[in-house]
Novice: 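The following block contains the structure, expressed as structure tokens.
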Amino acid sequence: MNVGILISIFFNTLLFFSILISITIGLSLIFGVLGILNLAHGAFYTLGAYVAISLFSYFTNVPPIIYYILFFIASIIVGIIGMWVEPTLLRRVYKLPDEYQLLLTFSLSLVILDIIRYFWGVMPYYHYEFFAMLGNSEIAGTIYPNYYLIAIATVILLLILLYFLLFKTKIGLLIRAASMDKEMAISLGINVKTLYPLVFALGIFLCAMGGALAIPYSAITLGIGSEVTAIAFAITAMGGLGSLKGAILGSLIVGFVRALGVFYFPEIELVVIYILMFIILSIKPYGLCGRYERRV
Amino acid sequence: MNEKEKINRRDYLKYTGAAIGGLVVGGALGYLLKPKEIIEKTATVTLPGVERTVTVTAPGIASTVTVPQTVTVTTEKPKKGIPSTPLKIGLTAFLSGAAALEGKHVEAAAELLIEEINAAGGILGRKVELLKVDEAIGADALIKAVRKLVTEDKVEFLVGLISSGNGTALAPVIEKELQVPTVYGTATTRKLFEEVIPKPKFVFRASNYDPMECIAAAKIVFKYFHPEVKKIAGINPDYAFGRDEWEVFSKALMKLKPDVEIVYEGWAPLGTTDFTPHISAILARKPDLVFTSFFAGDLITLVKQAGPMGLFKATKVVASVGGSAYSDFKKEFFPEGVLMGTRQCFFNYPPKFPPMEDYVKKYYARTKRYPIYTGMGTWHGIMAFKTAIELGYELLGEWPDVDTIVKLMEHMSMITPVGYRFIRPDHQTVGYQIYGITKHVPEYDFVVLDPMYIYPPEEIAPPVGVKTLDWIASW
Amino acid sequence: MVYVVDMKEGYNIMKRITLMEKERKGILYIVLFTIILAIIHPFIGPYWSFIVAYGLIISIVGLGFNLLLGYNGLLSFGHAGIFGIGMYTLGLCSKYFNIRSLEILISLSIAVGLIIIIGLGYVASKLIIVYFALFMLSFGQIIFALTYKLYGITGGSDGLSIPLLTILNINFNSRIDFLYCYYYFVLLIFTICTIFMWILVNSPFGKTLQAIKVDDIRATYIGVPVRKYRYIAFIISTLYAVISGALYGPLNGFIYPELISHVFSGEIVYLTLLGGMNYFAGPIVGSFIYTILKVYIPTITEYWQFIMGATLIIMILLFPGGIVGWIYSKFKKR
């Protein structure tokens, strides 16, 4: 067990964590505030990746910082699309039982995926330059690509910004209030109608960011969303729906288990995560940090 | 040889007798029941070395020239046995997803060939139509779709097919239920003819199969990289094909070089987008050689991720099926020094070979890429089918039935753009196998192979009737 | 079970009479449907009989699934995994133990399935709404991953082929002959399952389940052992999925893991909603439409996912009752 392996596991954990948290935090946020489990999250992740790669294709031979900015632009675009989705589709099903909401978001994911397929086709997309430009670093004898380090740093930065937004600003206070008790918030004069699309857009923005960050080292195809989504849902349930702490905790655990598993038991990397969720839900039916969410 | 002459003479007598009788009866009938349009068509039957012309004219036209070796028949009575409907061919390939980089070649090769065939009048006058199915829908849906093609759309020949998983699933259905001649473009797992359908009647395979390329790889590694290679690792797709390749390669290499140790066996599904965990695991174990049978888009993903992580500097890499999409392996990300296999097809081999040069020109003009083995396998399959039909017609005077067609396809040898290919009696086609070390040259934007290692089938394919693993064990 | 008896005493006789009448009418419809399907079979050709048999099998898992959804408010995204248990048990037993008798294989699948779902249900009955959905999703994915990764046993993504089986110890000469008889076998099982389900949902047990769906806290207050009811409903629902899965193998001749991924779970949800989740016949109608759509839409357009999603959205927004609900409303107007 040499230092090289430990370093690899450490950074791989952080890398998986970053990808997973960008999806799960949005998911938990949307569920916590709007009360909807957004099954279309994976589709938005995919959309984020595709939009970003299209933007990338317009710029070649530019300094890395431009690509970095493009990440954010792509995610904002997808976030705006999300902002449009909420009032048109989701609002109609708030009054219906939970199952309908799940089904609606599920159908939405199908629609989005085929729309992506229509515009971008079925062939995989690649964009390599950014990754190569950044090169590698040598950490304690192991070579680790710089891009991964930057991706990790970006996500952590976003998480810190999110924390500040939610806990140190007025609008964050409003969001938290609306998540705890919607009726009460409305009666106190909080304009939920404008708040909801914003929160949804925020969640989608983070998720699209995750998708965009995947570009430099991954092939972008239609399938990238579904694999990650299933795991993201597992984590959100594990950590407790609506709990941001739970999302972080869950992503860390799963990231670590995956990094470990792939090193030593590559055969079962897929299953491990589900077994974990299975065990946790068996013991704690509301997840590790979840609260009993009773919708009136 | 005698038998063939006897048949020819008999048929010749039959033809002339039928012609005279046909003229008399048909002329009378035709005059009475003549349809409004007058159809005149010429069908040319081309066999290696022999040419004959059959002219078909409608009654009422005075100028019917009868010469030796020409047979005249009225259109009211089509030549016995040639259906007048178009000949439908079913094509299956990956038309979407990461493997579509390979599948598009299958489609292009088939379309190109069929356009040429139709321009020359079709197969015995029948126009050829191509019906396509996307393999990416999965084995189950594929079986249903193929069933529909044969039972409802009346497809008479199936060609294409890339995935070994789909191939082994579809084979029993074809042999027992659908019973149409089928040529797999790839689907190269040895298990197809060794386990799933040991006595195939309808299913053939046109490309070099797994044992050939894996044993070639093992021999090259042993001959040129020995003795540095002691520890090997594998990262292969987790299904029939990948499992097969790794098993044959590792067993063959260990037979040649018993001191070799396997330090890592990585399995990832087709279409994996993130190989980094596997690459990290491989790097940590410091092997001397990494073997991968990932192909097309997946190989590109793997190489793009492995490059920056330093895999190619740390170890030697063997990509057994690089030939799946080599035009897309651009110099920017595909390094030199990789031992890459391209089965029977690489754009500049055999060097200065006119059929290949001509084909490459046509193919490039159409697809902006160079042909690959699956496309050539598809080409060969369609050509073999066409030749069998024409040969059968020549011998029997009527459209041959399915049993005759498949019998004629066995033992068939043919010159193709990639050289000489022989369909063995066990329905596996063999020819030489190409491997090479990748190199960057200024003339091309993708990696080329230099030096090349060419292996003839006798050295790398188990003899007919012998199972691969038994053969390796007997070395 | 003690409580069920109590409940039975609780309901008055009047209700009981009307129940019986409705029950009988329903059974009549089901039997009629069965007889029609049985009679037309020789005339519709092998291709269509294959499609109808497929529809019948999916109806069974749909009915089971809807027991939890329509009657209990629990959305399970993992029924494909349970389906897979039935399917693969049959496949593996026929391969490794060389069993060829259809009856024995199906009984084995049911037995093995029961063992698993009794344990699973114990945990699952604790969970509600989204947690339940995700729990079932994770279970389904575990089964999927197991069938995929255990390459040596299950053949991984290459799948397993199902050999020609015997029905009532009759050996068949070809698959076509086998399929001809198999159609009737499937029809029989379908009828039994449907009638049983019909009686169940109209029984006091079924009514109590619906009460739990509407408000489970109130149900607890009036003495209903909610968890026990959920447990029983879960077992029956998953049992249907096991049976359905076991029936699927011989029909298809070939089984493989991708059949039971979360995509299929989603499709089960889709067809139930399409038919109408609040109506008994909903899953049956939905599964037949789904079967036909799945065969023909891919030939018309590649974008059938879009069609599936778009139709579902329209259904939810405009026709929450599904197709059956829409038909009923038409009848009411008359």
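Throughout, a chain's letter reflects where its sequence line sits, starting with A, and its residues are numbered from 1. Only heavy atoms go into these numbers, but all of them, side chains included; no hydrogens, no water, no symmetry mates.
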Novice: With a 4.5 Å heavy-atom cut-off, do A:Ile204 and A:His41 have their side chains touching?
Specialist: yes
Novice: Is it the side chain or the backbone of A:Phe106 that comes within 4.5 Å of chain C heavy atoms, both, or neither?
Specialist: side chain
Novice: Tell me, side chain or backbone of C:Phe77 under 4.5 Å from chain A's heavy atoms, or both, or neither?
Specialist: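 For C:Phe77, side-chain heavy atoms alone lie under 4.5 Å from chain A.
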Novice: Would you check if there is a donor-acceptor pair between the side chains of C:His79 and C:Ser237 at a distance under 3.5 Å?
Specialist: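 The answer is yes; a qualifying pair exists.
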Novice: Going by atom type alone, with no hydrogens or angles, which donor-acceptor pairs under 3.5 Å involve a side-chain atom of residues 308-318 of chain C and a protein atom two or more places apart or on another chain?
Specialist:
from: C:Thr311; atom 1: OG1; to: C:Tyr270; atom 2: OH; distance (Å): 3.0
from: C:Thr311; atom 1: OG1; to: C:Ile307; atom 2: O; distance (Å): 2.8
from: C:Thr311; atom 1: OG1; to: C:Met308; atom 2: O; distance (Å): 2.9

Novice: Hey, are A:Ser251 and A:Thr24 close enough side-chain-wise for a donor-acceptor pair under 3.5 Å?
Specialist: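 Distance-only check passes for A:Thr24 and A:Ser251.
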Novice: Under 4.5 Å heavy-atom distance to chain C, tell me which part of A:Leu39 shows up: side chain, backbone, both or neither.
Specialist: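 Just the side chain, heavy atoms under 4.5 Å.
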